[in-house]
Protein chains: 2
Amino acid sequence: MSRSDLAGRLAISKAGMTAIVRDLLERGLVEEKELIRRQGRPAVRLCLKASAASLIGVSLQSDPVRVVLTDLRGEVLRSVHVQRHLEITACCDSLAEAVQKIQENLPDDIGPVMGIGVAQPGFVSRDRRICLASTVFGWKDVNVADPLSERTGFPVRIENDANVLALGELLFGEYAEERTHFSLVCLADGVGSGHVLGGRLQHGAHGGAGEIAHSPLVLDTADALPCRCGNRGCLETISSLKAMQGAARLAGLPEDIHLLSDVAMKGDPGALRILHRGAGALGLALAQMVQMLDPEQVIVALPEPLRAGLFGIVLKQEVERHVLRRAGQQVELILRDLPPDAFAVGAASLAAYRFLHGADPE
Amino acid sequence: MSRSDLAGRLAISKAGMTAIVRDLLERGLVEEKELIRRQGRPAVRLCLKASAASLIGVSLQSDPVRVVLTDLRGEVLRSVHVQRHLEITACCDSLAEAVQKIQENLPDDIGPVMGIGVAQPGFVSRDRRICLASTVFGWKDVNVADPLSERTGFPVRIENDANVLALGELLFGEYAEERTHFSLVCLADGVGSGHVLGGRLQHGAHGGAGEIAHSPLVLDTADALPCRCGNRGCLETISSLKAMQGAARLAGLPEDIHLLSDVAMKGDPGALRILHRGAGALGLALAQMVQMLDPEQVIVALPEPLRAGLFGIVLKQEVERHVLRRAGQQVELILRDLPPDAFAVGAASLAAYRFLHGADPE
DNA sequence: TTTATTTAATTCAATTGATAAACCAAAGAC
DNA sequence: GTCTTTGGTTTATCAATTGAATTAAATAAA
């Protein structure tokens with residue numbers, strides 16, 4: 001936007017805007033771009049300078065751990081893999097090493113690193129320093145941010161992996177400006193989601209907002225599958241990759257999701273049933289989500305073969321069947337790929353948010 | 001809080017706080033209360049003066065329509081009933097009359113009326129002036145706020161009935177200060193809910209946040225009851241008063257919810273099944289809600305006989321079964337009565353919010 | 001009892017920050 | 001070419017905010 005657009009939008013005088021923009025230009029945070037021609041003197045389009053700072057994003061979601069260096073727009077400048085350690089000290093040590101490594105011989109045109117964001121499966125404290133609980137790591141009330149901050153010298157914040165993905169969409173997404181009410185669901189080994197409502201990432205009272213993996217889906221639990229959480233009929237037991245792969249193994253079908261999708265497309269009733277059931281349950285959960293939160297978009301990030309194949313088709317059908325018939329509300333359902341760097345880039349957005357807003361989300 | 005507490009909390013200098021409080025005292029918005037003794041000079045506790053302004057709340061939720069006059073703490077000063085009209089002009093006319101009537105011969109110690117809030121079943125636009133859709137009234141894109149504002153001379157805002165109940169809890173509730181992450185569910189003829197996350201009432205992209213009535217609960221819809229929304233297996237078809245009363249009628253049991261509850265307590269298998277099924281479905285929906293939003297409290301407002309009887313017991317059991325087993329999260333489930341004025345008082349809180357914050361929620 | 005200490009709240013000079021109004025600049029409209 | 005429109009800057013002015021000094025009112029210590 002131009003100075004005068006911004007002055008109008010932010011309810012600040014033109015004079016004030018001039019002063020603010022001058023300051024930002026001097027500090028190299030903003031740059032002047034092309035002229036916008038309307039009637040009268042053309043306006044100078046201002047743009048956040050992506051190279052003003054860079055951020056480090058760490059994804060503990062997968063093994064090996066991914067560490068990326070991004071600019072302020074979420075473009076990946078560098079990427080490093082490290083082995084995942086489940087013990088906190090070893091984990092921080094190896095991460096600190098990776099952070100060191102990713103900064104080696106940085107060219108001059110890359111802005112200074114301003115912070116580290118960490119994406120983690122599990123619950124995170126409100127100040128985003130402490131992992132309250134993580135089944136994968138076996139952690140409980142473990143301070144992750146401070147040790148890593150001590151070792152690296154950068155401010156560190158941690159957040160749930162699915163939430164970070166939603167935050168990444170809010171900050172780095174292609175349509176970031178227009179998107180203020182959306183939920184982002186990611187389907188991988190497990191199922192997770194994050195909600196952005198009114199432009200704010202929702203964290204919940206105990207960092208558990210968006211946790212749909214153990215959402216109880218089945219009213220009559222007697223014939224539902226048991227879940228590792230101790231209940232029966234959780235979404236994860238039906239729709240997660242692991243669940244569908246497990247069901248395929250039991251049925252003597254290929255475990256690989258690509259092959260399973262192919263077999264289903266060719267008409268195999270067992271494979272059809274598994275994918276249909278998975279997509280149906282996820283569709284139901286999404287419909288409940290839409291009903292409860294009334295988002296503008298629901299973005300589902302999932303592996304390519306699922307998106308393109310039967311699973312994606314059924315998912316869209318199911319959501320439409322349950323949701324779109326309702327009055328007035330149009331929800332946009334967006335299926336997209338889940339690239340391997342996505343969580344790490346999302347984690348970087350957590351650091352970017354801190355740098356840009358001068359405070360943590362919420 | 002005292003001046004210096006507030007100065008610290010709001011990051012304002014003590015000098016500034018003195019000036020602000022003086023202004024508020026002069027305008028009669030705040031009053032000095034008792035001294036708080038710690039070490040050093042005692043602090044003067046400041047308190048919002050409840051009688052500084054009064055608000056009018058209108059509930060279109062029931063027939064007859066309820067109109068209340070409240071102070072800034074939500075205490076009901078007066079209450080009036082009017083017949084409900086479904087046609088917009090007649091509706092506004094009768095409401096304007098009631099608003100006129102409730103203001104007649106106001107004693108001097110009651111603050112000036114500062115606005116009107118209207119609670120309405122259905123969807124409401126983001127600016128809270130237009131009813132986007134209401135099945136009860138048959139309205140679609142009907143401007144409710146402006147005609148009523150013209151007739152009465154007060155600013156008018158409308159909001160979904162369940163949402164104003166949640167807003168009322170946020171502003172007027174006994175524990176309002178501590179409660180920033182909660183969901184409030186009301187069970188009446190229909191089922192509704194409102195979410196307050198991070199101290200903000202969630203409206204959703206199209207005013208539909210909190211609408212759980214048509215949340216699809218049943219995975220296998222073949223044997224589920226059809227709903228007036230066109231789908232099958234909605235929460236409303238199982239747990240609403242109407243649904244349970246309907247089921248009771250079919251089973252030859254008393255329709256009155258009090259009697260039905262009694263019969264169930266005495267062991268009637270049909271009544272037990274109906275209440276059990278209703279509470280079970282609502283419990284499942286609440287568990288999904290908790291899973292998705294991670295609130296600190298879930299407050300369920302429902303008729304006395306349901307709360308005290310079997311329904312309440314089963315509801316608590318079901319929520320615990322699905323939720324409380326999860327790691328780390330403690331959710332407080334609060335069952336309470338749903339007094340007849342609740343929606344109107346909630347509506348008044350919408351006007352109070354506007355007066356206190358100088359802007360609408362969110 | 002007296003004195004010191006602590007915290008609350010006010011006063012006031014000084015500073016900062018934001019603004020309105022005037023002005024310059026650069027385009028299209030006429 | 002001149003006028004109009006819009007963008008952006010400069011500057012004098014005004015108001016909001018603050019820091020430091022001060023007064024006030026209590027408790028703790030001597």
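A note on names: the letters A, B, ... follow the listed sequences, proteins ahead of strands, and every chain is numbered from 1.
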- Query: Is the shortest side-chain N to carboxylate O distance from R128(B) to D360(B) below 4.0 Å?
  - Reply: no
(Q) Taking the basic N atoms (NZ, or NE/NH1/NH2) and the acidic carboxylate oxygens, is any pair closer than 4.0 Å for R45(B) and E34(B)? (A)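 A salt bridge is present here (some side-chain N lies under 4.0 Å from a carboxylate O).
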Margin query: Expected output is a numbered-order residue list: members of residues 21-32 of chain A with a heavy atom under 4.0 Å from any atom of DNA chain C. What is it?
Written below: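 None - not one residue of the stretch has a heavy atom sitting under 4.0 Å from the strand.
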Original post:
Considering only heavy atoms, which members of residues 38-46 of chain B lie under 4.0 Å from some atom of DNA chain C?
Top reply: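 Listed by number, they are R38(B), Q39(B), G40(B), R41(B), P42(B), A43(B), V44(B).
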Residues at least two apart in sequence or cross-chain that pass side-chain hydrogen bond (donor to acceptor under 3.5 Å, both in side chains) with D109(B), listed by chain then number, are none
Contacts of S183(A) meeting side-chain hydrogen bond (donor to acceptor under 3.5 Å, both in side chains) (sequence neighbours excluded), chain-then-number -> H195(A)
Which pairs would a plain distance check flag for residues 13-24 of chain B, meaning a side-chain donor or acceptor within less than 3.5 Å of a matching protein atom at least two apart in sequence or in another chain?
{"from": "S13(B)", "atom 1": "OG", "to": "G16(B)", "atom 2": "N", "distance (Å)": "3.0"}
{"from": "T18(B)", "atom 1": "OG1", "to": "K14(B)", "atom 2": "O", "distance (Å)": "3.1"}
{"from": "D23(B)", "atom 1": "OD2", "to": "R27(B)", "atom 2": "NH1", "distance (Å)": "3.1"}

How long is the line joining [atom1] of [X] and [atom2] of [N], in whole Å?
X: I20(A); N: dT16(C); atom1: CD1; atom2: C1'; result: 14 Å
X: L10(A); N: dA18(C); atom1: CG; atom2: C1'; result: 14 Å
X: R9(B); N: dA8(C); atom1: CZ; atom2: C1'; result: 18 Å
X: I36(A); N: dG28(C); atom1: CD1; atom2: C1'; result: 16 Å

With sequence neighbours left out, write down each residue that passes salt bridge (charged side-chain N to carboxylate O under 4.0 Å, His left out) with [X], or none if nothing qualifies.
X: E174(B); value: none
X: E75(B); value: none
X: E32(A); value: R3(A)
X: R336(A); value: E169(A)

For D146(A), the side-chain contact (heavy atoms from CB on, under 4.5 Å) test, sequence neighbours excluded, returns R129(A), N143(A)
Identify each donor-acceptor pair in which a side-chain atom of residues 35-43 of chain A lies under 3.5 Å from a protein atom, sequence neighbours left out, and give them as a table.
none

Query - Nearest-nucleotide comparison on DNA chain C, the residue closer to the 5′ end among I12(A) and L35(A) - result: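 Upstream on the strand: I12(A).
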Requested in this report: For DNA chain D, note the earliest and the latest nucleotide, 5' to 3', having some atom under 4.0 Å of a heavy atom belonging to chain B.
Outcome: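 Listed 5' to 3', the contact boundaries are dT18(D) to dA28(D).
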Quiz item: At under 4.0 Å between heavy atoms, what does S4(A) touch on the DNA or RNA strands: base, sugar-phosphate, or nothing?
Solution: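 Sugar-phosphate, no base atom in range.
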